[in-house]
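Read the structure below first, then the notes.
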2 protein chains.
Amino acid sequence: MPPEQRPTPHITSADVARAAGVSRTTVSFVLNRTPSARISETTRAKVLAAAEQLGYVPHAAARSLRAGRSDLVVLPASVSAMGRLFSDWVDELETALGSRGYTVVLHGDRSTDPVTAARAWAQLRPAAVMAMGGARLTPEAVQVLAQAGTKAVVTVSAEPVEGVFTLIGDQADIGIAATEHLIARGRSRIGVVMPMERGLSAFAEPRLAGARRVAADRRAEITPLPMRYSDEAAAALAVLCRELGLDAVFGYNDEYAALLSAALADCGVAVPEQIAVVGADDLLLARVVRPRLTSVRYHLPGADLMAEAVDRLITGGSPAPLPRIRFEVLPRQSS
Amino acid sequence: MPPEQRPTPHITSADVARAAGVSRTTVSFVLNRTPSARISETTRAKVLAAAEQLGYVPHAAARSLRAGRSDLVVLPASVSAMGRLFSDWVDELETALGSRGYTVVLHGDRSTDPVTAARAWAQLRPAAVMAMGGARLTPEAVQVLAQAGTKAVVTVSAEPVEGVFTLIGDQADIGIAATEHLIARGRSRIGVVMPMERGLSAFAEPRLAGARRVAADRRAEITPLPMRYSDEAAAALAVLCRELGLDAVFGYNDEYAALLSAALADCGVAVPEQIAVVGADDLLLARVVRPRLTSVRYHLPGADLMAEAVDRLITGGSPAPLPRIRFEVLPRQSS
DNA sequence: ATGAAAGCGCTAACAT
DNA sequence: ATGTTAGCGCTTTCAT
């Protein structure tokens, strides 16, 4: 049977109503399972059949415009800057929120100004904005979202942010964990890689600060090591490490650490015997390179717990505060 | 100065009009730079000032509902399944489309049924859907999108898909490139890793088929090697490779290849002297491991070219066909 | 150069 | 149990 050629290209709920011989109200009630309306089984079946037969797909924009609420959850995040650990979590979060009826979309976050970014998200009038990555949430940005009716604004930060459901997690803790591990392994002349790529210093600085804090108490010495992400830069830095007489390096993350570790080996420095190396983020990479890379991993709250909290925020409840993000050293061969 | 507390939480274009002392029509003209309307400089300035002062943010849903067109580009893609090469491209595409006035959102693609997935995208009434990853586009799914008014449907496939702007790219070419490279290096007993993780066989099968096609002509022998992504599986497979007397392995992609390469070294097999290894996707990983991994990389059409084509499709033009996706072997130490 | 008015597709009081 | 009706915020003829 050839596909029926509709004169109207767009099928609306009115078409469904007409086909089923009911009003648009009834169609709306059936399709939304409105609890307050009692619909007879026969009517419900008729409506469903008509919708199916016509290939009706509701118009999300019209729906949320009228209803005054949206089921959209915007997750600002640049997809290429996402580690595996985080992207797995995002996938789970998407599933968890999806099963609660929300539509999750990732919104590339390449705008430089927080307010401009917030305006871009606000245009979509989302129920929630979860700025878990690099996006900065200034008070003005938060106000833009609030004014657009965003019910839940979530972020992760070292300290609570006014008007925002804050997941507490301090990058400094990563530097602390790595440095404590290295000192426990008997190291005391510790380099800390500072990536020179843009946007990374927001993470690198607190990690360095954490390392310094630990070292100050334990008579260890911290040397910041600026490094670009390239073979050449790593090779040069490897030589420098040897000349400085370092006995350990915290490599910012697994990628920088692995690159440097390979460069150290290439120039004859034994890892970990002469210089121990620690990464962070527990990427796949850490388990594939030799020596296997010691890494600091983080534990985000379960995606389901997070989804529950967001749902509570959207529906007007006050969620229980989530546990602080914890960091853990996974000792492997490189330290 | 404390933030002004508005009685109305949502600021609409009517508020802007009132504050500027003009009609909503004028506000719309100014904000959209409607070319057909001539607005005096003073009026334009007044409107802009009022909008800024009130913190007005347009309501994308209302706008596209009324205008009958949307500036949304939906990119269905599971973020955790994305390689670095592809995610970089997505970032660029986002920028390129953004500068043309489109709003790009990634929509997690975890639904099993193509039509269900298409319906989820169609709810957003996007101007374009770019299914570049694993998402299958059946004729029914394409029809759902067409009926929802999606102007541009784009995908990548080995052959043109009816009603879809198809980027031609054949996974088999990867297997072909890798195998030709290995044969040129004098290898003839070639294993091909077949990942057992779900969803990957859609890519793995054609790669294997490509390898077989080349081998048939050149008296080389292909052995499929099922493998799970784990240290243990890799170790076991490394032993098997030795026992089978293979002299080369195409590792499906860089991750599997690197894992296997490390396992081979661990069990005393010299790479590449005894067994050459080739990966694919040219991940960072390939340059960080030792020996550095030979990899097959692909060249997607430039993001700007792609954006241009999508824009053409949306605005009713017919874009020039894009160049076929090309694959290239990057020889490094492992082969 | 600017305004009045209609209506996009949908939901939710309020009727019946 | 189902229908009538009034908008949600915006764009766009058509007047003026």
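- No side-chain N or O of A:T25 forms a donor-acceptor pair with one of A:S28 less than 3.5 Å apart.
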Could you write nucleotides 6-11 of chain C as a row of B, S and -, 5' to 3', where a protein heavy atom under 4.0 Å of any base atom gives B, of only sugar-phosphate atoms gives S, and otherwise -? BBBBBB
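- Between B:D15 and B:R24, none of the side-chain N atoms (NZ, or NE/NH1/NH2) sits under 4.0 Å from a carboxylate O, so this pair counts as no salt bridge.
- Distance, A:K46 NZ to D:dG3 C1': 14 Å, rounded to whole Å.
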Pair up each side-chain donor or acceptor in residues 153-168 of chain B with any protein partner under 3.5 Å, not counting sequence neighbours, and list the distances.
unit_1: B:T155; atom_1: OG1; unit_2: B:A131; atom_2: O; d: 2.7
unit_1: B:S157; atom_1: OG; unit_2: B:E159; atom_2: N; d: 3.3
unit_1: B:S157; atom_1: OG; unit_2: B:E159; atom_2: O; d: 3.0
unit_1: B:T166; atom_1: OG1; unit_2: B:V161; atom_2: N; d: 2.9
unit_1: B:T166; atom_1: OG1; unit_2: B:V164; atom_2: O; d: 3.2

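- By the ring-ring contact (aromatic ring centres under 6.0 Å, His included) test, B:F86 pairs with B:W89, sequence neighbours left out.
- Residue A:T43 is in sugar-phosphate contact alone, with no base atom involved, counting any heavy-atom pair closer than 4.0 Å across all strands shown.
- Taking atom CZ of A:R33 as the reference point, atom P of C:dA12 lies 15 Å away to the nearest angstrom.
- For the 3.5 Å distance criterion, the side chains of A:S78 and B:D91 qualify, holding a donor opposite an acceptor.
- We find that CZ of A:F29 is positioned 8 Å from P of C:dA12, with the value rounded to whole Å.
- For the pair B:K151 and B:D311, the salt-bridge criterion is not met [side-chain N within less than 4.0 Å of a carboxylate O].
- One finds a side-chain N or O of A:T26 lying less than 4.0 angstrom from the OP1 or OP2 phosphate oxygen of D:dG3.
- If you measure from atom CZ of B:R38 to atom P of C:dT2, you get 12 Å, rounded to the nearest angstrom.
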